[in-house]
Amino acid sequence: MSTKLQAIRGMNDLLPDQSPAWQYLERQLRSLMDRYDYREIRTPIVEQTALFARSIGEATDVVEKEMYTFDDRNGESLTLRPENTAAVVRAAMEHGLLHNQTQRLWYMGPMFRYERPQKGRYRQFHQIGIEAYGMTGPDIDAEIILLSARLWRQLGMAEHVTLELNSLGSPEARAAYRESLVAYFESHHELLDEDSRRRLTTNPLRILDSKNPAMAEMLADAPQLLEHLDEESRTHFEQLKSTLDAAGIGYRINPRLVRGLDYYSRTVFEWTTTALGSQGTVCGGGRYDGLVEQLGGKPTPGVGFAIGLERLMLLLDTLDLVPEEAKGGADAYLLAMGDSAEREALLLGERLRDVLPTLRLQVHCGGGSFKSQIRRADRSGATVALILGEDEIANGRLTLKPLRDGSEQRTLELDDAITWLDQQFA
RNA sequence: GUGGGUGUAGCUCAGUGGUAGAGCCCCGGAUUGUGGCUCCGGUGGUCGUGGGUUCGAUCCCCAUCAUCCACCCCA
């Protein structure tokens, strides 16, 4: 057995080649939240275990087998957050954010689930999410869906994602439906496969999602969730759909769409893609009107979604949607030859940064031949090499050597060189 | 937790029961202060790990670990 030090399974390093793309994505997300006037909330990565058990649902896979749970030194059971809605509710209640007021919040950060990693699924992964509290009507449901739709347009991937929509109804309607569904499945017990028999007690709604062709016919005749909606939920759903229609947002009604966490009610939705293999859900959300009360607060409606950033990043990469200018790199590379060249270069670099605050400048360190320094300048990706040789130092000049467009190099008075750089890179 | 694929140089991968290979990358030189193209040279490996078979194992066998994909579930 190897004793090599390495990252924990399913937890990935983000290397410098990838970080410009992530920064681009994060910039897009933050600016979008800002444009809708949602406000950021940051909560700890660790919470009391009970918070997640009580909100997500004791019998869900997430709570039963996917949480990173451990005892603190004082014996208290802690858990690395597997999602962030519960923690946001906890923080909002704790600080009075839900007292007679509405809130539009967003968060972004790492989540942890102990699962077998595969494409688009990792043990430490990142989500950005929205939480809107205190609003009952379908208008706020529509707003967050419109916001997400704008994001896909902003990123240039609107044609590659599909909105799937469903309503779970009130908790009572959902429970009643669940009962009739279990009764139906039990009357066809002999047709159920092993997985489905297990789910009969754990999550019968999930059986509808089975990919087993042998069960297709039986599933087609199963009671429909949408036919068991209570009147209020039906109206809510109809209004949401008509708003989306009016806004030109296409969607597919998916009566089998059942979100995995217990706290959802009424509206649920997912944005999915076929470009990522098996993990096609890029964004999932819905309404959770009972959650705040369930966690000990006054009844407060809530609605939100979460986007998996690794999946979104994978999609951007696959579709080649990260703009070239977002990829970073230096504008200029300053190199120097001659006595005390290293110090002269560092001092000149500081002076350039003083007068050219937007210039991205790398100063060569570590010596080496002139030739190797020029080569480094080229490989740095800089568009121009700034050459400070003995001649230049002696005469107060600087040589500018364009590396990309084939134009001639020029040796200028320092002030003229600064003017030129200002024009190029301001 | 289950199933399948893959572990050889920093990266992508060949390869053979008999002392370890290519391309790319990196470094140096051809070119005293001029990169990319070309040519020459060089650095770099406990062949994932442990055990077994064998005169001899990177290769065959067993175990184990890692990784990828899929199931399950989810973002």
Side-chain angles (χ1 to χ4, degrees), chain A residues 1-10 12 15 17 56 59-66 82-85 108-129 148 193-196 198-199 202-203 206-207 209-212 257-261 269-273 276-286 304-315 333 335-338 341 364 366 368-393 399-404 406 408-409 411:
Chain A
M1 174 164 147
S2 170
T3 56
K4 218 168 24 178
L5 290 173
Q6 55 187 313
I8 304 303
R9 171 191 294 229
N12 301 311
L15 301 179
D17 274 356
I56 297 171
T60 59
D61 276 13
V62 169
V63 170
E64 272 187 350
K65 51 185 197 187
E66 294 176 1
E83 56 99 52
N84 208 31
T85 295
M108 179 158 60
M111 310 293 159
F112 302 84
R113 289 182 203 172
Y114 188 88
E115 299 179 276
R116 287 289 282 262
Q118 69 188 73
K119 188 182 181 73
R121 192 178 65 193
Y122 309 100
R123 288 186 175 182
Q124 176 177 338
F125 62 105
H126 297 77
Q127 289 184 331
I128 187 167
S148 59
D193 58 24
E194 190 185 342
D195 256 359
S196 300
R198 179 176 54 77
R199 280 184 278 193
T202 58
N203 197 344
R206 271 276 158 207
I207 300 176
D209 236 350
S210 171
K211 293 158 190 162
N212 187 344
L257 176 59
V258 179
R259 317 246 54 257
L261 315 183
F269 66 92
E270 285 185 1
W271 287 93
T272 61
T273 177
L276 293 184
S278 158
Q279 308 301 323
T281 302
V282 137
C283 170
F305 67 66
I307 293 172
L309 294 186
E310 277 78 5
R311 290 180 189 179
L312 189 49
M313 198 60 239
L314 222 42
L315 198 50
Y333 190 102
L335 57 98
M337 289 298 288
H364 180 87
S369 66
F370 191 85
K371 179 192 173 71
S372 71
Q373 291 193 36
I374 284 276
R375 191 163 50 225
R376 290 280 195 85
D378 180 41
R379 290 177 189 172
S380 76
T383 49
V384 62
L386 310 181
I387 300 169
L388 186 64
E390 288 174 328
D391 296 348
E392 286 86 350
I393 292 173
T399 294
L400 310 169
K401 178 182 171 62
L403 297 168
R404 308 294 158 207
E408 286 296 305
Q409 75 177 44
T411 301

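Note on naming: letters A, B, ... go to the chains in the order of the sequence lines (proteins, then strands), and numbering restarts at 1 for each one. A quick note: this is a predicted structure, and the numbers were derived from the prediction, not measured. These values consider heavy atoms only, across backbone and side chains, with no hydrogens, waters or symmetry-generated copies.
Minimum atom distance to the side chain of A/Arg121 is reached by B/A75, of the listed B/A75, B/G28, B/G33. Here the nucleotide nearest the side chain of A/Arg404, chosen from B/G35, B/C27, B/C73, is B/G35. When the nucleotides B/C68, B/G1, B/A75 are ranked by their closest atom to the side chain of A/Arg116, B/G1 comes out on top. In this structure, of B/G33, B/C72, B/C74, it is B/C74 that holds the atom nearest to the side chain of A/Arg206. When distances run from any side-chain atom of A/Arg375 to the nucleotides B/G35, B/A75, B/G33, the shortest one goes to B/G35. Of the candidates B/G35, B/U67, B/G33, the closest approach to any side-chain atom of A/Thr399 belongs to B/G33. Closest to the side chain of A/Ser278, from the set B/G33, B/C71, B/C74, is B/C71. Relative to the side chain of A/Lys371, the nucleotides B/C72, B/G35, B/U67 differ in distance, and B/G35 lies closest. Between B/C72, B/C68, B/U34, one nucleotide has an atom nearer to the side chain of A/Arg199 than all others, and that is B/C72. Listed nucleotides: B/C71, B/U34, B/G28. Nearest to the side chain of A/Ile387: B/U34.
Among the atoms of the strands shown, only primed sugar atoms or phosphate atoms (P, OP1, OP2) are found under 4.0 Å from some heavy atom of A/Gly284.
When rounded to the nearest whole Å, the span between CZ of A/Arg123 and C1' of B/C68 equals 14 Å.
With hydrogens and angles left out, the side chain of A/Gln118 and the base of B/C72 share a donor-acceptor pair within 3.5 Å.
One distance of note links CG of A/Leu403 with OG1 of A/Thr383; it measures 7.5 Å at 0.5 Å rounding.
Between the side chains of A/Gln409 and A/Thr399, not a single donor N or O lies within less than 3.5 Å of an accepting N or O.
B/U16 and B/C61: their P atoms are spaced 15 Å apart (whole Å).
Panel note: side chain A/Arg121, backbone A/Arg116; a donor-acceptor pair is recorded below 3.5 Å.
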